[in-house]
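Just so it is clear, the values below take in all heavy atoms, side chains as well, and ignore hydrogens, waters and symmetry mates.
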Amino acid sequence: MSFSSDTKAELCRQEIARKCCAQAECYGILLYANRFGHGEARIITESADLAARLPLLFKKAFHLTFDRLPEQEPGKRIFSITAPDKLAALWAAFGYDPDTSVAHHINFAVLEEEHCRTAFFRGAFLAGGSVTDPSKSYHLELTTTHRSVDRELLTLLREAGFDPKSADRNGVHMAYFKQSEAIADFLTAMGAPLAAMELMNAKAEKDLRGGVNRRVNCDAHNLDKAVDAAQAQIEVIRRLSERMELEELPPKLAEAAKLRLDNPDLTLTELGQLCQPPITKSTFKYRLDKITKFGGADLHRDRAENE
């Protein structure tokens with residue numbers, strides 16, 4: 001199963017306790033379902049968990065049954081209500097007049113209570129929502145063909161403390177989240193804390209992996225710099241040795257030069273510990289810098305003459 005399917009399965013385990021919340025969840029499902037028109041209310045889902053929840057939900061909310069139930073085979077499952085009296089009950093519950101309504105709108109009066117708004121969000125997500133696998137990317141969306149419903153959902157979400165984005169695509173209107181924290185908060189609010197926890201765990205793992213990669217890259221870069229510096233120091237020391245000028249260095253610099261030349265693979269800290277007496281990394285680096293400065297001018301002149 002996908003992460004989105006698992007999330008919907010978790011939401012469908014929510015208890016259907018209050019009639020008002022059952023109606024609000026049905027409201028979200030109908031507005032984000034395949035069809036909610038004059039002659040039919042049709043819900044199409046591939047979720048077995050939602051298919052099992054729908055009959056219980058509509059019975060609790062409206063004391064009605066579906067006129068068409070899906071076959072038992074897996075795949076797209078179609079639920080339909082076509083009986084005029086049942087459709088009239090749905091319209092009446094949400095304050096619609098099918099003879100005068102031109103477009104669907106969200107009746108905010110039905111969603112005055114916070115628990116009812118939460119149930120509405122859950123229904124909208126179950127019928128028209130999806131969320132990507134957090135190990136790959138962060139994206140949660142709710143899509144509907146009703147422009148006004150989409151705009152009014154954005155208002156509801158913002159009133160509830162969320163900050164969704166919106167987009168229109170080929171006649172489909174979408175409210176969506178791209179930030180992992182916002183998605184986790186929304187999942188938790190709808191009643192899917194396990195999915196939210198899985199998302200945040202995936203984010204923490206990706207952040208940790210990214211941090212390790214950055215540190216590895218940084219360490220590799222620093223190592224390259226250290227190797228380049230060591231090679232430059234050794235080249236200067238060898239030139240001084242060839243010109244018999246190492247003997248002219250002060251004893252401490254001569255000691256540093258010999259240690260650097262004899263131990264090209266050691267770090268500055270390790271070289272400093274070989275000195276008598278041992279010295280710090282910064283002190284050993286200072287001595288090497290003095291040596292490089294002492295022999296560097298002649299080295300640059302020799303390179304220029306050979307080019």
salt_bridge(Arg151, Asp168) N-O dist < 4.0 Å
yes
Can you tell me how far apart CG (Asp67) and CZ (Phe79) are? Round to the nearest 0.5 Å.
12.5 Å
Rounding to 0.5 Å, atoms NE2 (His105) and CG (Leu31) come to a distance of 11.0 Å
Salt bridge present between Asp49 and Lys8 (N-O < 4.0 angstrom):
no
Would you confirm whether Arg158, through its side chain, and Gly161, through its main-chain N or O, come within 3.5 Å as a donor-acceptor pair?
no
Taking the side chain as every heavy atom from C-beta outward, state whether Met174 and Ser166 have any pair of such atoms under 4.5 Å apart.
no
Can you hop from Val110 to Leu30 via hydrophobic side chains spaced under 4.5 Å?
yes
Run the numbers on Thr82 and Glu40 for side-chain hydrogen bond (donor to acceptor under 3.5 Å, both in side chains), then give the verdict.
CA-CA 5 Å; Thr82 54; Glu40 183 184 22; over 6 Å; no
More than 12 foreign heavy atoms under 6.0 Å from NZ of Lys86: is that the case here?
yes
May I ask you to test the Leu266-Leu268 pair for a side-chain heavy-atom distance under 4.5 Å?
no
Can you confirm whether more than 12 heavy atoms, excluding those of Glu114, are under 6.0 Å from its CD atom?
no
Same cluster or not: are Leu56 and Phe125 linked, directly or through other Ile, Leu, Val, Met, Phe, Trp or Tyr residues, by side-chain heavy atoms under 4.5 angstrom apart?
yes
Using the six-membered ring wherever Trp is involved, compare the ring planes of Tyr27 and Phe94 and label them parallel, tilted or perpendicular (cut-offs 30° and 60°).
parallel
What's the shortest heavy-atom distance between Ala189 and Thr118, and which atoms?
O-CG2, 2.9 Å
Run the side chain to side chain contact (heavy atoms under 4.5 Å, CB included) check on Asp163 and Leu157 step by step: do they pass?
CA-CA 7 Å; Asp163 186 24; Leu157 288 170; over 6 Å; no
Before giving the answer on side-chain hydrogen bond (donor to acceptor under 3.5 Å, both in side chains), spell out for Thr7 and Ser4 the whole-Å C-alpha distance, their side-chain angles and the decisive distance to 0.1 Å.
CA-CA 5 Å; Thr7 300; Ser4 191; 5.9 Å; no
Taking the side chain as every heavy atom from C-beta outward, state whether Leu50 and Cys12 have any atom pair closer than 4.5 Å.
yes
Shortest non-hydrogen contact between Asp150 and Ala175, atoms and distance:
OD1-N, 3.4 Å
Answer yes or no: is there a side-chain heavy-atom contact under 4.5 Å between Ile43 and Asn34?
no
Shared hydrophobic cluster, Leu57 / Leu69 (ILVMFWY, side-chain heavy atoms < 4.5 Å)
yes
Report whether Phe36 and Ile44 are members of the same hydrophobic cluster (ILVMFWY, side-chain heavy atoms less than 4.5 Å apart, transitive linking).
no
Side-chain hydrophobic cluster, 4.5 Å single linkage: members besides Tyr286
none
Could you state the interatomic distance from CZ (Arg287) to CG (Leu271), rounded to the nearest 0.5 Å?
12.0 Å
Measure across Arg117 and Glu112 and return the closest heavy-atom pair with its distance rounded to 0.1 Å.
NH1-O, 2.9 Å
May I ask you to decide if Met190's main-chain N or O and Arg122's side chain share a donor-acceptor pair within less than 3.5 Å?
yes
Between Ser2 and Asp133, does the side chain to side chain contact (heavy atoms under 4.5 Å, CB included) criterion hold? Intermediate values first, please.
CA-CA 7 Å; Ser2 67; Asp133 185 340; over 6 Å; no
Please examine the side chains of Lys165 and Lys178, heavy atoms only from C-beta on, and report whether any two atoms are closer than 4.5 Å.
no
Please go through Met197's hydrophobic cluster and name the other residues, only I, L, V, M, F, W, Y counting, with side-chain heavy atoms under 4.5 Å joining them.
none
Do His139 and Tyr176 have side-chain heavy atoms sitting under 4.5 Å apart?
yes
Enter the distance from Thr269:OG1 to Leu274:CG here, rounded to the nearest 0.5 Å.
11.0 Å
Enter the distance from Ile78:CD1 to Arg42:CZ here, rounded to the nearest 0.5 Å.
6.5 Å
Taking every heavy atom of Lys19 against every heavy atom of His63, the minimum-distance pair comes out as NZ-NE2, 4.2 Å
Taking every heavy atom of Asn107 against every heavy atom of Gly95, the minimum-distance pair comes out as ND2-CA, 3.9 Å
So do Thr65 and Phe58 actually touch side chain to side chain, heavy atoms under 4.5 Å?
no
Any chance you could lay out the side chain to side chain contact (heavy atoms under 4.5 Å, CB included) test for Glu255 and Gln276, step after step, and finish with the verdict?
CA-CA 9 Å; Glu255 179 189 35; Gln276 297 300 325; 4.1 Å; yes
All heavy atoms of Phe120 vs all of Ile106, minimum pair found to be CZ-CD1, 3.7 Å
Out of Arg18, Arg53, Gln14, Lys60, which one pairs with Glu25 under the side chain to side chain donor-acceptor pair (under 3.5 Å) rule?
Arg53
The residue among Thr143, Leu126, Val149, Thr145 that forms side-chain contact (heavy atoms from CB on, under 4.5 Å) with Tyr32 is Val149
Does the pair Cys26 and Phe62 meet the rule for a side chain to side chain contact (heavy atoms under 4.5 Å, CB included), with working shown?
CA-CA 9 Å; Cys26 289; Phe62 308 108; 3.7 Å; yes
Main-chain N/O of Phe177 paired with Glu141 side-chain donor or acceptor, under 3.5 Å:
no
Looking at side-chain heavy atoms only, is the closest gap between Leu187 and Pro193 below 4.5 Å?
no
Holding to side chain to side chain contact (heavy atoms under 4.5 Å, CB included), I want the full list of residues that pass it with Ala160, two or more places apart in sequence or in another chain.
Phe121, Phe162
Going from CG on Asp6 to CG on Leu11, what distance comes out if it is rounded to the nearest 0.5 angstrom?
11.0 Å
For the pair Ser47 and Thr45, evaluate side-chain hydrogen bond (donor to acceptor under 3.5 Å, both in side chains) and give the outcome as yes or no after the intermediate values.
CA-CA 5 Å; Ser47 168; Thr45 181; 4.6 Å; no
Could you see if Leu64 belongs to whatever hydrophobic cluster contains Trp91? Use Ile, Leu, Val, Met, Phe, Trp, Tyr and a side-chain cutoff under 4.5 Å.
yes
